[in-house]
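Since the structure is predicted, the reported quantities are computational estimates derived from the model, not experimental observations.
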Amino acid sequence: MPARNRMILHGYWRSTTSYRVRIALNLKGIAFQQHTHDLRTGAHHDEGYRAVNPQGLVPALDIGGTILTQSPAILEWLEATYPDPPLLPEAAVDAALVRAMAATIGCDIHPVNNLRILETLRTTLKATPDDVTHWIGRWIHEGFAALESMIARHGRGFAFGPTLTLADCYLVPQVYSAERFKVDLAPYPRLLAAAERAREHPAFVAAHPDRQPDSDPT
């Protein structure tokens, strides 16, 4: 295992993809610095950051000269490089189920509700605030309905089984986003219970957006 040198996480306090990476770094006890790029001001499009991540998105993780982008790839690298504590079950079929739960959020909820999509709805397509709210809620409800069933089948305290996994790293930030946009989560009691239990863990507490150095709740 490589030495736990201090890594640099390029992110933004309210970014749910940055949030999920912070959780995993904390769970694995990896020290890291944060470089913030305010998505509201377009700082992620600056030439300097484009030199780090040509796509101009967060997060990006500098692991000592090599830049990793895309949170699923970053999380898989962390799991492979720092396997203790494990965030994927040992059994291949169980690991596939956890990845599927994570992908329900990472592929089917978050991408259609991220900032650039919402800005396109507002500016290019002239969507009203009510239209945007409906759009956000629709995709969260579709994904959360599926996750509620998955958690009912496979959860035993956490999203999958009795210990924290990558599924929880994805779930908690997405619940944060849903609450931020005032999506009714009453239909998902098992999902909420799993998220609440995970949120009590110190690694999740420390990763919360409001606790980040660039936090600006206003």
Side-chain angles (χ1 to χ4, degrees), residues 1-2 4 7 9 15-30 32 57 59-61 63 66 68-114 138-178 183 185-207:
M1 182 182 298
R4 293 176 182 260
M7 301 175 188
L9 177 63
S15 158
T16 58
T17 51
S18 301
Y19 189 177
R20 66 178 73 139
V21 172
R22 291 195 303 264
I23 291 169
L25 288 165
N26 290 342
L27 283 170
K28 291 181 178 295
I30 300 170
F32 64 100
L57 299 176
L61 185 66
I63 60 173
T66 298
L68 303 180
T69 63
Q70 295 291 344
S71 63
I74 293 170
L75 293 170
E76 289 283 353
W77 178 84
L78 288 171
E79 181 68 3
T81 309
Y82 299 94
D84 185 32
L87 297 179
L88 286 171
E90 184 175 356
V93 66
D94 290 343
L97 290 168
V98 168
R99 286 187 173 100
M101 297 173 81
T104 300
I105 293 169
C107 298
D108 298 329
I109 301 176
H110 168 263
V112 293
N113 280 345
N114 69 16
R138 172 184 173 176
W139 303 116
I140 291 176
H141 281 302
E142 283 199 12
F144 276 14
L147 284 166
E148 178 73 8
S149 296
M150 294 177 186
I151 293 169
R153 188 176 307 164
H154 302 294
R156 297 201 305 277
F158 294 107
F160 185 94
T163 59
L164 291 162
T165 66
L166 282 180
D168 301 286
C169 296
Y170 279 76
L171 177 62
V172 166
Q174 193 59 58
V175 169
Y176 165 82
S177 179
V183 176
L185 300 182
Y188 317 114
R190 294 177 179 85
L191 181 153
L192 278 177
E196 283 301 323
R197 185 175 181 193
R199 284 201 279 205
E200 294 174 355
H201 190 285
F204 286 74
V205 172

Heavy-atom donor-acceptor pair, Glu79 side chain to Leu88 backbone, under 3.5 Å = yes
Side-chain (Ser177) to main-chain (Pro173) donor-acceptor, under 3.5 angstrom | no
Out of curiosity, [X] [atom1] to [Y] [atom2], how far, rounded to the nearest 0.5 Å?
X	Y	atom1	atom2	value
Leu191	Ile151	CG	CD1	4.0 Å
Ile23	Leu164	CD1	CG	9.5 Å
Met7	Leu78	CE	CG	6.0 Å
Leu75	Leu25	CG	CG	8.0 Å
Tyr176	Arg20	OH	CZ	14.0 Å

Step by step, work out the side-chain contact (heavy atoms from CB on, under 4.5 Å) result for His110 and Asn114.
-> CA-CA 6 Å; His110 168 263; Asn114 69 16; 3.7 Å; yes
Less than 3.5 Å apart, which donor and acceptor atoms pair up between the side chains of residues 138-146 and the rest of the protein, not counting sequence neighbours?
from, atom 1, to, atom 2, distance (Å)
His141, ND1, Tyr188, OH, 2.6

So do Gln70 and Glu76 actually touch side chain to side chain, heavy atoms under 4.5 Å?
-> no
Please examine the side chains of Asn26 and Phe204, heavy atoms only from C-beta on, and report whether any two atoms are closer than 4.5 Å.
-> no
Under the salt bridge (charged side-chain N to carboxylate O under 4.0 Å, His left out) rule, what pairs show up with a residue in residues 150-171, not counting sequence neighbours?
-> none
Salt bridge (charged side-chain N to carboxylate O under 4.0 Å, His left out) contacts in which one or both residues fall within residues 186-201, not counting sequence neighbours = Glu148-Arg190, Glu179-Arg199, Glu196-Arg199
Kindly determine whether Leu57 and Thr69 satisfy side-chain contact (heavy atoms from CB on, under 4.5 Å), including the steps that lead there.
-> CA-CA 8 Å; Leu57 299 176; Thr69 63; over 6 Å; no
